[in-house]
Amino acid sequence: MVGIKTAADLLTGVRFLLGPYLVWLGLCGGSEAVTVAALTLLIAWITDVLDGPLARRDARGIHTWIGDRDLEADVTVALGVWLYLGLDRFLSIWLVVAYVLVAAAALWHFGSRHLAWGVQALPYGLMLWTVWRVAPPYGLLLMAWIGLVVVTTWPRFPRQKLPEFLAGMHDLVRTR
């Protein structure tokens with residue numbers, strides 16, 4: 001029988017595979033693969049929302065290697081989105097490469113999880129804009145998911161997540 005923590009780890013692990021899948025879509029799928037890319041991103045977001053609460057429900061309270069790499073899984077998906085957009089020529093490949101290099105250097109130098117949260121915003125935002133423009137029903141689906149997550153997690157977002165992000169970015173600027 002699969003335990004709760006194992007199920008959470010599987011959900012996190014799926015995201016490590018979805019990032020490279022998005023890159024593959026960019027290489028082989030062509031611009032008509034935007035709907036598949038949008039659904040892939042939706043799956044990634046769903047697994048991200050589910051893995052944390054599942055992991056916290058595990059009575060043993062153990063930490064696993066993959067569970068401790070949740071943020072890296074998220075960044076893998078964001079990188080996959082960014083490369084998909086460049087490889088499918090929705091964005092200039094040079095812009096994509098420059099952003100990836102600057103973001104990787106900044107993440108390596110600062111080692112900040114809050115910076116990693118911020119680095120994901122641009123690829124996700126541009127993917128939303130692209131999908132909305134190219135395949136509006138799928139753009140609406142992604143926006144509806146974001147709306148659902150915001151509504152269901154609202155008390156936690158303004159009280160915990162947003163202040164944590166802002167404090168982390170403030171500390172990053174102040175200490176460097």
Side-chain angles (χ1 to χ4, degrees), residues 2-55 63-135 137-146 148-149 165:
V2 174
I4 292 173
K5 180 61 176 158
T6 302
D9 285 351
L10 285 171
L11 291 172
T12 303
V14 163
R15 287 199 309 287
F16 277 113
L17 300 175
L18 293 177
Y21 178 68
L22 286 163
V23 174
W24 180 82
L25 281 175
L27 287 169
C28 302
S31 58
E32 63 275 359
V34 72
T35 58
V36 177
L39 291 174
T40 301
L41 181 56
L42 180 63
I43 291 167
W45 286 349
I46 290 169
T47 65
D48 190 30
V49 166
L50 295 176
D51 66 355
L54 276 176
H63 285 267
T64 61
W65 183 87
I66 196 150
D68 291 340
R69 305 288 174 298
D70 181 73
L71 182 57
E72 288 89 339
D74 296 343
V75 171
T76 300
V77 172
L79 176 63
V81 165
W82 197 238
L83 291 172
Y84 167 78
L85 290 170
L87 292 168
D88 248 357
R89 296 188 180 106
F90 289 112
L91 295 174
S92 161
I93 194 67
W94 298 111
L95 172 67
V96 169
V97 169
Y99 185 83
V100 167
L101 291 175
V102 168
L107 290 171
W108 177 79
H109 178 73
F110 294 111
S112 167
R113 67 185 177 117
H114 303 100
L115 181 59
W117 291 354
V119 163
Q120 296 174 67
L122 186 59
Y124 289 158
L126 288 174
M127 182 66 165
L128 281 169
W129 177 75
T130 300
V131 175
W132 186 267
R133 192 172 41 89
V134 176
Y138 292 89
L140 183 61
L141 178 65
L142 292 176
M143 292 301 292
W145 174 256
I146 291 170
L148 177 67
V149 170
F165 172 74

Go through W145 and V49 one step at a time and tell me if the side-chain contact (heavy atoms from CB on, under 4.5 Å) criterion holds.
-> CA-CA 11 Å; W145 174 256; V49 166; 3.8 Å; yes

Rounded to the nearest 0.5 Å, what separation is found between the CD1 atom of I66 and the NZ atom of K5?
-> 9.0 Å

In Å, rounded to the nearest 0.5 Å, how long is the span from CG of D51 to OG1 of T12?
-> 3.5 Å

What closest approach, in Å, do L122 and Y99 show between heavy atoms, and which atom pair accounts for it?
-> CD2-CE1, 3.5 Å

Any idea how F16 and W65 line up, ring-wise: parallel (<30°), tilted (30 to 60°), or perpendicular (>60°)?
-> parallel

At what distance, to the nearest 0.5 angstrom, does CG of L42 lie from CD1 of I46?
-> 4.0 Å

Which atom of L41 lies closest to which atom of M127, heavy atoms considered | CD2-CG, 3.8 Å

When rounded to the nearest 0.5 Å, the distance separating CZ of R69 from OG1 of T76 is 11.5 Å

Can you name the nearest heavy-atom pair linking P123 to A78, along with the distance?
-> CB-O, 3.7 Å

Can you check whether F90's main-chain N or O pairs, donor with acceptor, with Y84's side chain at less than 3.5 Å?
-> no

So CG of L11 and CG of D70: to nearest 0.5 Å the spacing works out to 10.0 Å

Closest non-hydrogen atoms of T47 and A44, given as atom of the first, atom of the second and distance, are OG1-O, 2.8 Å

Write down the atom of V77, the atom of R15, and the distance for their closest heavy-atom approach.
-> CG2-O, 3.5 Å

Take atom CZ in R89; do more than 12 heavy atoms of anything else shown fall under 6.0 Å from it?
-> no

Between V96 and L83, is a side-chain contact (heavy atoms from CB on, under 4.5 Å) present by the stated rule, with each step listed?
-> CA-CA 7 Å; V96 169; L83 291 172; 3.7 Å; yes

What residue among V34, T40, L39 forms side chain to side chain contact (heavy atoms under 4.5 Å, CB included) with V36?
-> T40

Evaluate the ring planes of W24 and Y21, with Trp represented by its six-membered ring, and classify them as parallel (under 30°), tilted (30 to 60°) or perpendicular (over 60°).
-> parallel

Stepwise side-chain contact (heavy atoms from CB on, under 4.5 Å) test for D48 and D74 = CA-CA 8 Å; D48 190 30; D74 296 343; 3.3 Å; yes

To the nearest 0.5 Å, tell me how far L85 CG sits from I93 CD1.
-> 10.0 Å

Got L142 and W132 here, is their nearest side-chain heavy-atom distance under 4.5 Å?
-> no

Could you pull out the closest heavy-atom pair between D88 and G26, with the gap in Å?
-> OD1-O, 3.5 Å

Does the pair L71 and W117 meet the rule for a side-chain contact (heavy atoms from CB on, under 4.5 Å), with working shown?
-> CA-CA 8 Å; L71 182 57; W117 291 354; 3.5 Å; yes

